[in-house]
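Heads up: numbering here begins at 1 and tracks the sequence. All values below come from the heavy atoms of this structure, side chains included, with hydrogens, waters and symmetry mates left out.
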Amino acid sequence: MAKSENQKLKILYIAKYFLEYSDENHPLTAEKDICDYLKEEYGIDAERRSVYRDIALLRDVFGMDIDGGQGGRYRLMSRQFDFDELRLLAECVYSAKFISESQARNFISTLGEFCSVYQAEKLESEVFLCDRVKTKQKGTMTIISEINAAMSKKQDGKSHTPQKITFKYLKSTIDDVHSQKERKNGNLYKVSPYKLLINDGNYYLLAFDSDKQDLRTYRIDRMKEVNRIDEPRDGEKEFAEVDLRSYTRRVFSMYGGKKERVTIRFINPLLDTAIERFGTSPDVFYMPKDKNHFIVSADVEISDQFFGWLCGFGNKAKIESPDHVVEQMKEHLNKIQNLY
C-alpha cells in the first residue's frame, strides 16, 4: 500500500493500536509508542500533534473511552466487553465438557481478540479448571451446527420445514476406556430434534424417537456422522406438552425411571440443597415438618440413581411417602448391604 494511502488510514491504525496494546493498566505515549508504531509498521511519519488530534477524534467523535493526555500518556479504559466478562466467558468455555481441550484453547484465543494483548495473556494463564473431564470427540461444533440447521424453521431467509436427523451413537467399553464404540452395532439412530440442552457441563439433544413414541436425550459428544434427511420431523404434539423445566429436572437430576409423586423429609440445613434439586415451580411444595425438619413433595423418576442420591444424605433425609416407594428404598438398601 502506498504511503499516501497509509496516511489516510492513520487514525484507524491508531485505533487498532489502542485496542491491541492499551488497557487501564497499560498507557501509551503519543510521541514514542504511537509514532514509533506508525513508522515501523506502516511507514507513516507522524507528528506528535497530529496524533493528539487523531486521539481527540477517536474519543470525542467515535466514542472510544480513551483517558489521559497529561504528559502525553493515554489509556483505553473500556471496550466492547469488560475483562471480567471475558474471563467469565473463558471460564464457561473451560468448564464445558463437550468442548475438547483444543477447541477450548481456540475459543479462548478468539476471546483474546476482544481485549488487549496483556489481558489476552491473562485469559490463557489465569483460567484453569481442575479435574474437568473434557471430551476427546472431535467435530462437536459441526454436529451442533447440523442439528440447529435441521431444527431451523427458516434458512437463508426462506421458510424451512424442520427435518429428522440420523447419527451413530457411541459408548465406552471396559476393553478400552480410551476410545468409544458404536452402539447398535453401528446402525443409525433416526430422530426428530427439538432442543439443545446444557447440564453439568454436557450438551444434550432432546429429540422425539418415532419408533419408541417418546422423547429421548442424547449426549452431543457421543454422536457422530450426524446428517439431515429429507423427512419432516414428527412428535410436535409430544414436545408441545413437555414442561422443559420439569422435564430436565427429572431427567438430569434423577435419571430415568417411573415418574412418581414423592414426599421427602430433610433436616432444615438442607433446604438450599433441596431447592437446587427440585426447584420452586408451582408443582413443588415445601412445608415445615417439625422444628428440625421440613418436607418437600415433588415429581421424581424413581430409579437406583435417585435412591443413591438420597443415600448420600445418610440419616439427614428420609422418604415419607408413598409407601411402595419407601419399600423400594428398603430393597435398594438391602441390595447394597448384601454386597458387604
Checklist outcome for this item: Across all chains, not counting sequence neighbours, the side chain to side chain contact (heavy atoms under 4.5 Å, CB included) partners of Asp33 are Tyr17, Leu28, Thr29
Checklist entry - For Arg219, what residues pass the side chain to side chain contact (heavy atoms under 4.5 Å, CB included) criterion, not counting sequence neighbours? => result Tyr169, Asn202, Tyr204, Asp221, Arg222
Which residues satisfy the side chain to side chain donor-acceptor pair (under 3.5 Å) test with [X], sequence neighbours excluded?
| X | value |
| --- | --- |
| Lys190 | Glu231 |
| Ser297 | Arg261 |
| Asn268 | none |
| Lys318 | none |

Which heavy atom of [X] sits nearest to which heavy atom of [Y], and what is that distance?
| X | Y | result |
| --- | --- | --- |
| Leu196 | Asn148 | CD1-OD1, 3.6 Å |
| Lys168 | Gly186 | CE-O, 3.2 Å |
| Asp23 | Arg75 | O-CB, 3.7 Å |
| Pro193 | Gln163 | CD-O, 3.2 Å |
| Arg277 | Trp309 | NH2-NE1, 3.0 Å |
| His332 | Cys311 | CD2-SG, 4.2 Å |

Determine, using the 4.5 Å side-chain heavy-atom cutoff (strictly less than), whether [X] and [Y] are members of one ILVMFWY cluster.
| X | Y | result |
| --- | --- | --- |
| Ile229 | Val226 | no |
| Met287 | Val300 | no |
| Ile295 | Leu270 | no |
| Leu271 | Phe285 | no |
| Leu12 | Leu76 | yes |

Find out whether [X] and [Y] are in side-chain contact, i.e. whether some heavy atom of one side chain is under 4.5 Å from a heavy atom of the other.
| X | Y | result |
| --- | --- | --- |
| Gln119 | Leu86 | no |
| Phe81 | Leu111 | no |
| Asp65 | Arg79 | no |
| Asp299 | Glu260 | no |
| Leu58 | Tyr74 | no |
| Met329 | Val326 | no |
| Tyr203 | Thr140 | no |

Next on the checklist: For Arg87, is there an ion pair with Asp84 - N to carboxylate O distance below 4.0 angstrom?
Outcome noted: yes
Item to check | Electrostatic pair Lys335-Glu331, nearest N-O below 4.0 angstrom | outcome: no
Checklist entry - Once the angle between the rings of Tyr13 and Tyr42 is folded into 0 to 90°, is it parallel (under 30°), tilted (30 to 60°) or perpendicular (over 60°)? => result parallel
Distance (rounded to the nearest 0.5 Å) between [X] [atom1] and [Y] [atom2]:
| X | Y | atom1 | atom2 | result |
| --- | --- | --- | --- | --- |
| Ser50 | Tyr52 | OG | OH | 10.5 Å |
| Lys195 | Leu197 | NZ | CG | 7.5 Å |
| Asp54 | Arg59 | CG | CZ | 12.0 Å |
| Arg228 | His160 | CZ | NE2 | 6.0 Å |
| Ser159 | Lys153 | OG | NZ | 9.5 Å |
| Ile147 | Asn227 | CD1 | CG | 11.0 Å |

Results of salt bridge (charged side-chain N to carboxylate O under 4.0 Å, His left out) for [X] - residues two or more places apart only:
| X | answer |
| --- | --- |
| Glu20 | Lys16 |
| Glu40 | none |
| Glu24 | none |
| Asp60 | none |

Next on the checklist: Is it true that Tyr21 and Tyr118 share a donor-acceptor pair across their side chains at a distance under 3.5 Å?
Outcome noted: no
Next on the checklist: One pair to check against side-chain contact (heavy atoms from CB on, under 4.5 Å): Ile143 and Leu205. What are the steps and the verdict?
Outcome noted: CA-CA 11 Å; Ile143 290 172; Leu205 169 67; over 6 Å; no
Does [atom1] in [X] sit with more than 12 non-hydrogen atoms of other residues, nucleotides or ligands closer than 6.0 Å?
| X | atom1 | answer |
| --- | --- | --- |
| Asp230 | CG | no |
| Gln155 | CD | yes |
| Lys237 | NZ | no |

Item to check | Arg233 NZ/CZ over Phe208 ring centroid, <6.0 Å and within 45° of normal | outcome: no
Could you tell me whether the side chain of [X] and the main chain of [Y] form a donor-acceptor pair under 3.5 Å?
| X | Y | answer |
| --- | --- | --- |
| Asn185 | Asn187 | no |
| His293 | Arg265 | no |
| Tyr189 | Ile165 | no |

Item to check | Gln328 and Ile302: CA distance, side-chain angles, deciding distance, side-chain contact (heavy atoms from CB on, under 4.5 Å) verdict | outcome: CA-CA 9 Å; Gln328 287 178 262; Ile302 304 302; 3.8 Å; yes
Item to check | Pairs involving residues 207-216, ordered by first then second residue, that meet side chain to side chain donor-acceptor pair (under 3.5 Å) (sequence neighbours left out) | outcome: Ser210-Asp234
Checklist entry - Hey, mind stepping through Phe18 and Ile34 against side-chain contact (heavy atoms from CB on, under 4.5 Å) and telling me if it holds? => result CA-CA 9 Å; Phe18 268 105; Ile34 298 176; 3.9 Å; yes
Item to check | From CA spacing to verdict: side-chain contact (heavy atoms from CB on, under 4.5 Å), Met141, Phe107 | outcome: CA-CA 11 Å; Met141 296 299 104; Phe107 283 141; 3.7 Å; yes
Checklist entry - For residues 105-114, which residue pairs qualify under salt bridge (charged side-chain N to carboxylate O under 4.0 Å, His left out), counting only residues two or more places apart or in two chains? => result Glu101-Arg105
